[in-house]
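Encoded as structure tokens, the structure appears first; notes follow it.
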Amino acid sequence: MPAEESSAGPRGGRSRATEAISRALTPPLLAGAGAGAPAALGPALRVRSATGSRRPPVPRSKGRSTGGPRVPRSPRGGVRRIHERVRRAWDRPLTAYYLILGAGLLITVLGLVMVYSASMIKALELDKPSTYFFRKQFLAAVIGAGLMALAARMPAKLHRALAYPLLMGTVFLMVLVQVPGIGMSVNGNQNWLYLGGPFQLQPSEFGKLALVLWGADLLARKQDKRLLTQWKHLLVPLVPVAFMLLGLIMLGGDMGTAIILTAILFGLLWLAGAPTRLFGGVLGFAALIAFVLIKTSPNRMSRLACIGASEPGPGDSCWQAVHGIYALASGGWFGSGLGASVEKWGQLPEPHTDFIFAITGEELGLAGTLSVLALFAALGYAGIRVAGRTEDPFVRYAAGGVTTWITVQAVINIGAVLGLLPIAGVPLPLFSYGGSALLPTMFAVGLLIAFAREDPAAKAALAVRRPGVRWKTMRRRVKKRPSGER
């Protein structure tokens with residue numbers, strides 16, 4: 001025991017001395033804390049940290065800071081954000097649907113306005129009222145709007161069911177055109193049927209729609225049976241039937257419509273995955289036939305010689321091509337005004353049909369022509385998008401065929417007006433005067449609308465936007481409350 005006490009004494013003395021020193025050095029705040037000093041240490045440190053200095057805040061990345069000066073945003077970042085917004089807008093499910101509907105209707109309405117402006121003088125020359133051509137075109141547009149609405153509501157199965165009847169009916173009418181006493185010749189082309197009164201019908205315009213629907217149905221059925229890998233199933237009977245239609249058209253001398261049908265045929269073969277060797281062979285054969293037909297016709301050779309002409313030439317052989325350039329050149333940026341064209345006063349032949357784009361440039365200027373080009377570009381983009389995003393082979397072939405038809409015909413017409421291509425005598429789709437061309441084209445636009453609506457994402461978006469569905473959805477989301485709760 002004494003040994004233990006002696007050993008503990010020094011340790012106890014040292015601890016008591018240490019406590020005395022710590023009390024002398026402790027601030028007054030903790031002087032009376034005693035054993036509770038560690039407990040009071042936390043509030044004291046917090047007070048010190050609250051009143052003391054802090055570390056400066058670290059600025060955040062990308063120019064976002066809470067206390068420091070704001071870093072200016074670069075213009076590149078703003079352009080990138082705009083690009084992202086535009087890309088998201090283009091990727092929405094209903095973009096193609098609204099583009100096809102809006103562009104198709106705008107082109108048709110603007111075409112009605114320009115047909116009225118371009119055809120007034122021509123109607124007066126024929127001792128007709130100034131609204132003669134406009135009324136016929138307006139009637140065709142009303143009927144075409146009904147056909148477009150009908151086609152937009154028809155399912156793909158019904159479109160496929162119309163393929164064979166439409167093809168056989170078109171072939172029958174094209175044969176009747178060549179019968180003496182039944183067919184009519186307009187501007188040297190035997191491609192018209194007289195319907196009575198002022199109405200005529202050009203069956204070859206319906207041949208474009210027939211080839212698209214029938215060819216799409218044929219290729220879709222062969223793809224389902226996995227037969228398109230064999231070249232004979234890829235070509236037969238598509239190419240022979242297309243050549244039969246081309247032969248009936250060329251009997252009447254309509255080279256322009258034959259070019260459009262050839263483009264549709266090549267578009268279908270391209271979408272079907274035809275190999276380059278096979279595709280090149282068909283293209284070479286068609287080019288050889290076209291060369292022979294052009295070389296043996298003085299009229300077609302003269303049109304080919306007018307590419308890029310700046311003077312009417314001997315015998316005014318390039319009169320129409322040159323005055324189309326004059327009309328475009330006199331339009332300037334914003335044109336001479338609607339109805340103020342000079343070239344339509346007898347200088348420019350066919351101002352309301354093949355060369356209506358020239359009158360548009362003269363009266364509405366560069367702004368008007370670029371607007372028309374933008375509408376056709378939007379329609380073509382939407383058609384390609386519908387054809388590229390579908391999993392139904394018939395929809396892909398039909399949408400690609402219609403898009404090829406409208407875009408190639410627009411390029412040929414506008415290229416001829418600009419002097420870059422020979423004058424082929426084809427109207428500007430949905431824009432030029434001509435009911436026979438307007439009716440099947442508006443039905444084809446309705447076909448694209450129907451395909452755009454059948455996309456699963458677009459169908460879901462349209463279903464949500466219906467008023468009844470939206471109201472039911474909102475009612476399901478609202479929780480029922482007790483009767484006494486307000």
Side-chain angles (χ1 to χ4, degrees), residues 106-126 128 130-134 136-137 186-187 256 299-300 302-377 407-434 437-438:
L106 285 175
I107 294 173
T108 305
V109 172
L110 184 58
L112 286 173
V113 175
M114 292 311 304
V115 164
Y116 176 63
S117 177
S119 64
M120 288 189 298
I121 307 304
K122 186 70 174 180
L124 294 176
E125 289 179 357
L126 299 175
K128 303 288 184 181
S130 60
T131 59
Y132 175 74
F133 293 103
F134 170 76
K136 293 177 63 176
Q137 186 74 358
V186 177
N187 294 330
N299 183 28
R300 299 190 185 108
S302 63
R303 292 186 178 186
L304 192 65
C306 291
I307 297 178
S310 57
E311 297 292 337
D316 293 335
S317 58
C318 299
W319 179 273
Q320 187 175 13
V322 171
H323 279 270
I325 298 296
Y326 290 168
L328 289 173
S330 61
W333 289 99
F334 299 102
S336 58
L338 193 63
S341 170
V342 176
E343 291 294 332
K344 67 183 180 183
W345 287 77
Q347 300 296 323
L348 181 63
E350 307 296 336
H352 58 299
T353 55
D354 300 346
F355 274 71
I356 193 172
F357 189 76
I359 303 299
T360 303
E362 184 180 5
E363 295 186 351
L364 302 183
L366 182 64
T369 55
L370 290 181
S371 300
V372 175
L373 291 176
L375 290 174
F376 276 109
T407 53
V408 169
Q409 185 167 333
V411 168
I412 291 176
N413 178 274
I414 296 174
V417 174
L418 295 176
L420 303 176
L421 296 174
I423 300 175
V426 295
L428 190 59
L430 302 172
F431 202 84
S432 297
Y433 170 78
L438 184 63

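The two residues I359 and P351 come nearest to each other via the heavy atoms CG1-O, 3.6 Å. Considering all non-hydrogen atoms of both residues, L304 and I307 come closest at O-CG1, 3.4 Å. Counting all heavy atoms, side chain and backbone alike, L366 lies closest to T369 at O-OG1, 2.9 Å. Counting all heavy atoms, side chain and backbone alike, S302 lies closest to N299 at OG-O, 2.6 Å. Minimum interatomic distance between P429 and F376 (heavy atoms only, all atoms of both residues): O-CZ, 3.2 Å. Closest of all the heavy-atom pairs between P349 and F355 is O-CB, 4.3 Å.
Looking at residues two or more places apart in sequence or on another chain, you find a side chain to side chain contact (heavy atoms under 4.5 Å, CB included) between E125 and I121, K122. Taking D354 as the reference, nothing meets the side chain to side chain contact (heavy atoms under 4.5 Å, CB included) condition, with sequence neighbours excluded.
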If you look only at distance, which donor and acceptor atoms sit under 3.5 Å apart when one is on a side chain in residues 108-119 and the other is two or more places apart or in another chain?
unit_1: T108; atom_1: OG1; unit_2: G104; atom_2: O; d: 2.8
unit_1: S117; atom_1: OG; unit_2: G339; atom_2: N; d: 3.3
unit_1: S117; atom_1: OG; unit_2: K344; atom_2: NZ; d: 3.4
unit_1: S117; atom_1: OG; unit_2: E363; atom_2: OE1; d: 2.7
unit_1: S117; atom_1: OG; unit_2: E363; atom_2: OE2; d: 3.0
unit_1: S119; atom_1: OG; unit_2: V115; atom_2: O; d: 2.5

Validation: residues 323-331 side-chain donor-acceptor distances under 3.5 Å, sequence neighbours left out:
unit_1: H323; atom_1: ND1; unit_2: E343; atom_2: OE1; d: 2.9
unit_1: S330; atom_1: OG; unit_2: Y326; atom_2: O; d: 3.1
unit_1: S330; atom_1: OG; unit_2: A327; atom_2: O; d: 3.1

Give the table of side-chain donor-acceptor pairs shorter than 3.5 Å for residues 416-426, with sequence neighbours excluded, one pair per line with atom names and distance.
none

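Among pairs with a residue in residues 412-424, none fulfils salt bridge (Lys or Arg N to Asp or Glu O under 4.0 Å), at least two apart in sequence or across chains.
Contact check for V372 versus L375: no side-chain heavy atoms found under the 4.5 Å cut-off. Between L338 and L364 there is a side-chain heavy-atom pair separated by less than 4.5 Å. Contact annotation: the side chain of S336 approaches that of E362 to within less than 4.5 Å [non-hydrogen atoms, C-beta and beyond]. Inter-residue side-chain proximity for F431 and T360 is flagged as met; some heavy-atom pair is nearer than 4.5 Å.
Using a distance-only test at 3.5 Å, with no hydrogens or angles considered, no donor-acceptor pair links the side chain of S432 to the main chain of P427. The backbone N or O of G313 sits nowhere less than 3.5 Å from a side-chain atom of S317 that would complete a donor-acceptor pair. For W319 (side chain) and Q347 (main-chain N/O), a donor-acceptor pair under 3.5 Å exists by modelled atom type.
With values rounded to the nearest 0.5 angstrom, S371 atom OG is found 11.0 Å from I107 atom CD1. Of the inter-residue distances, the one linking I414 atom CD1 with Q409 atom CD reads 10.5 Å to the nearest 0.5 angstrom.
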Problem - Chi angles and distances behind the side-chain contact (heavy atoms from CB on, under 4.5 Å) call for Y132, L126 - result: CA-CA 10 Å; Y132 175 74; L126 299 175; 5.7 Å; no

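Ring geometry for F133 versus Y433: interplanar angle over 60°, hence perpendicular rather than tilted (30 to 60°).
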